[in-house]
Colleague: 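Structure in C-alpha cells, see below.
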Amino acid sequence: MNYLDSLNQEQLDAVRTTEGPVRVLAGAGTGKTRALTSRYCYLADLLGVDTSSILCLTFTNKAAAEMKNRIAPMIGDFDPAYICTFHSFCVRMLKEDMHTLSYPANFVLIDEDEEADVLQKVYTDMGLTLKEMPIKRAAEYIGRRKEPGDYVRIIAELNNTRLGELCASTSDKMEQIFFRYLYEQKKSFALDFDDIIIFADHILTTRPEIREKWQERMQYVMVDEFQDVSPRQYRIARLIAEKHRNLFIVGDPDQTIYTWRGADVNLILNFDMIYPDATTIVLSENYRSTPQILTLSNSLISKNEFRYPKELRAMSRDGEKPVMFHARSEKGEASWIARRIARLVKAGAKPADIAILYRAHHLSRPIEDALMKYDIKYTIFSGTAFYARREVKDVLAYLRMLTAADDIAFMRTVNTPSRRIGRQKLAVIRNTADNEDISLYEALKKVAYTPLFAHTDAKGYIHTVEEGRQLLGTMSLGDLMQHILDMSGYEEMLRNLSEWERLDNLAELKRAIEEAGHDDDEGLETFLTRAALIANIDRKSADTDTVKMMTVHTAKGMEFPTVFVCGMSEGNFPSRRSSGPEDIEEERRLAYVAVTRAERLLFLSDSEGFSRDNMAKLPSRFIYEMGTDNMTLENPLPDAPKPVAVMAGATENQAFKTGDRVEHPVFGTGEIVSVDTQKQVYSVHFDNISTNRSLRFGAPLSPADK
C-alpha cells in the first residue's frame, strides 16, 4: 500500500474512484502516469480484481512498457497482456475473432513499404504508370476511402468474380485501384495499419456475441492519453466497457496536438455528455516546472476558447524567468542558441539535459550549423539530420555534378526523377566507363546518342549538367540551385507527389547556400565540402551526453531541465498552413506542449528577415500571449498590436481574381495564378521569378498597367 503514500489528494481521488465512468484531466507534469499505475495496483492489490480483467490502453509501446515497469515492483505478479497499445489490443482481439470475416488467425500485417509493393502490383495489372498516378496519392486515397469502414464487408466476400463486378461498376480510376488493392490484400490475408482498428471496430459493432464476450472479460477499461484518441478508438473502448460501465479515461485537452491523425479534442471535453453521471477529477499540481515557466504557459493556453478551464500550480521552487531572444537573422538566432548552450555546459550543465525544439524539421538546419561551429555534440530525435535528408542529398549530388561529376553523385541523380535509364542501360554505361577508364558521366555522354538510349531522357540530363556548369560563377549559388531544380524536373517531381515537407527542406537548403555565398563569399565547392563534413559527423556514437534536437510533436511526453524553443515566428509557429480558428487553437496547444517540457530553464527565440514565401517575418502571436512581462527580453520586440492584429486572422478583402495582372514593389509585374479564399492567399507568377509566390490578400499589390 506504500505506493499510495506519495500521491496527493487529487491523485488519490483518481485512484480510489473505481466504479462508473471517470474522467481525469491531468495537466502537464501533474503525475498522471503515477495516478494511472497506482489505480491499476489499487484495483489488483487492495480490491483483489483479477488483472486479466483490467484493460489498460496506451498510445505507444514505450508508454505501455513504462507502466509495466512501474507496476511490477508495486504488486509483483500481474497479467501484462492487457497493458498495451490500442493497435496491440486490436491485433490480439482479431487473432481470436478474425474467422468471422473469413480471415485466418495468422493474418499478415504489412507496413507502408509493403503497401507500396501491393500498389505497384495493382499498377502493373492496370497498365498504370507512376506519372499517371503517384503511389503516394493512391495510398492517401485508399486511406480516406477506408475511413468510413464500409469496405470491411466488401473485403470479406471479395474474390476474382466480385472484383470484376466492382471494377466494371465504376469508371473512376481511383475506385478501381481501391478495389484491386483490397483484392490483393485478401489474396494474402493482409491487413495494413489502418485496417487493424477498423476491422476490430467492425467486429465489435456487428457481432453481438463477440462484443459480449469482450465486455464480460474486461471489467475495467482504462485509457491513457485520451486527448489523442480517434472517434473509432473511443467507440472500441466504449463498447468494451458498456456492460460494467467502468471506463476510466485520463488525458489533457490542452495537449491535443494530433487532430491530423484523427484525434478530436471534443471527445474528452464532452465525455460528461455521453456519461452524465461521470466523475471528473482535475490534476493541477505540477511537479515538473518552476512557477515562472507555469505562469507563462498558463497565460498562453488560457487564450484557447475550446478547453476545460484549469490552471497548473507549481510544486517546485522558484526559478528564473524564461528568456526571449529576438534575433536580426536566422543565423544570429542559431548562434545565440549555440552560445547559450556553450555557456550552460561550461557552468556544469550536462548536454543531455538540454533540448532544442522546433515546429518543423527544416528549422534545424541553421541550428545544426551553429552547434557544429561551437563544437557542441547533438542528436536528432525522430528525424534525420538536415544534410542527411534524402532530398537535400539529391540536390547536393546534382550540384556536385557541376564540379566533381563523381560516380556516386551520378548514380544518385541520373534517374531522379525517372529518365527511363534502367539496369540494362546502366550496365552499358558501366562497361563503357570501365573499358575506357572514364567516369560514368563521361561514359553516358558517349552512349547517350546511340539507339539504345533513344527513348530515354539521357540527353536532357546531360543538358542540365552542362548548362549548370556554364552558369557556374555567372549567378548566385541560390539562383543556380533553383535553375538546376527547374531544369532537372526535381522540384516538379516533388510537387506532383505533394511532398510539401521535402519542398520546405529544399527551400531551407537554398537559404543555406545563399547565406554561404553572401556571408562567406564561398564558392560551390567550398559549400559542398562543408555540407559533407556536417553530414558525416557521427552523432550516433557511444557518447550519449548530447544535446537533443526534435520537433515539438516528438517531444510530447518528455521533459528536460533546459529547453530552447526556436523559430517562434508567424508562419513557423503557428504554421503557415493553419487556416482557421481550430487550426490556431491546435497550434497554441502545440506551443503549450513545447514550453511545458521545460523543468528549470526555458529559452524562446525568433528572427527577423523573410520567410520562404518572401514575407517579412514577425514574432509569433504566442510570444505576446505568453505575456512579455513573464519573460526576460534580451532584445526589444516589435510592438504587439500590429502583429497580433494581422495574425489573429483579421479578414482582408480579395482585390484580384485569377488571371489579373498585378504589380509588386519588390517582385515586379506578375499574374494571379490562383486564389485561396480560405487562407486568403494569392498564388502569383512574377515575370522575373521562376517559381510562384504565395501572397496574402493584404500584400502590397496594385493593378498592373495593361
Colleague: Could you pull out all residues at least two apart from H553 that satisfy ring-ring contact (aromatic ring centres under 6.0 Å, His included)?
Modeller: Y258, W260
Colleague: Mind checking what makes side-chain contact (heavy atoms from CB on, under 4.5 Å) contact with L109, not counting sequence neighbours?
Modeller: V91, F107, L191, I196
Colleague: Could you pull out all residues at least two apart from A360 that satisfy side-chain contact (heavy atoms from CB on, under 4.5 Å)?
Modeller: H362
Colleague: Stepwise, does the side chain to side chain contact (heavy atoms under 4.5 Å, CB included) test hold for I268 with L25?
Modeller: CA-CA 9 Å; I268 188 169; L25 300 175; 3.8 Å; yes
Colleague: Hey, which of K310, R588, K556 is the one that makes salt bridge (charged side-chain N to carboxylate O under 4.0 Å, His left out) with D254?
Modeller: K310
Colleague: Would you call R390 and D394 a salt bridge, taking side-chain N to carboxylate O under 4.0 Å as the test?
Modeller: no
Colleague: Tell me whether E608 is salt-bridged to R328, with the criterion being a basic N under 4.0 Å from an acidic carboxylate O.
Modeller: yes
Colleague: Could you tell me whether R307 and E585 make a salt bridge, using a distance below 4.0 angstrom between a side-chain N and a carboxylate O?
Modeller: no
Colleague: Check this for me: does any side-chain nitrogen of one of R288 and E559 sit under 4.0 Å from a carboxylate oxygen of the other?
Modeller: yes
Colleague: Quick check: are there more than 12 heavy atoms from other residues, nucleotides or ligands sitting under 6.0 Å from CG of N69?
Modeller: yes
Colleague: Got a second to check how far Q227's CD is from T259's OG1, nearest 0.5 Å?
Modeller: 12.5 Å
Colleague: Kindly say whether G567 contributes a backbone atom to a donor-acceptor pair with the side chain of E333 at under 3.5 angstrom?
Modeller: yes
Colleague: Check whether any side-chain N or O of T413 sits under 3.5 Å from a backbone N or O of A397 as a donor-acceptor pair, and report yes or no.
Modeller: no
Colleague: Does a salt bridge link R576 with D504, judged by any charged N lying under 4.0 Å from a carboxylate O?
Modeller: yes
Colleague: Below 4.0 angstrom, N of the basic side chain to O of the carboxylate: do E586 and R589 qualify?
Modeller: yes
Colleague: Looking at K510 and E491, is any side-chain nitrogen of the basic one under 4.0 Å from a carboxylate oxygen of the acidic one?
Modeller: no
Colleague: Do NZ/NE/NH1/NH2 and the carboxylate oxygens of R400 and D406 come within less than 4.0 Å?
Modeller: yes
Colleague: Got a salt bridge between K32 and D252, using NZ or NE/NH1/NH2 to carboxylate O under 4.0 Å?
Modeller: no
Colleague: Can you tell whether the side chains of R70 and E66 come within less than 4.0 Å, N to carboxylate O?
Modeller: yes
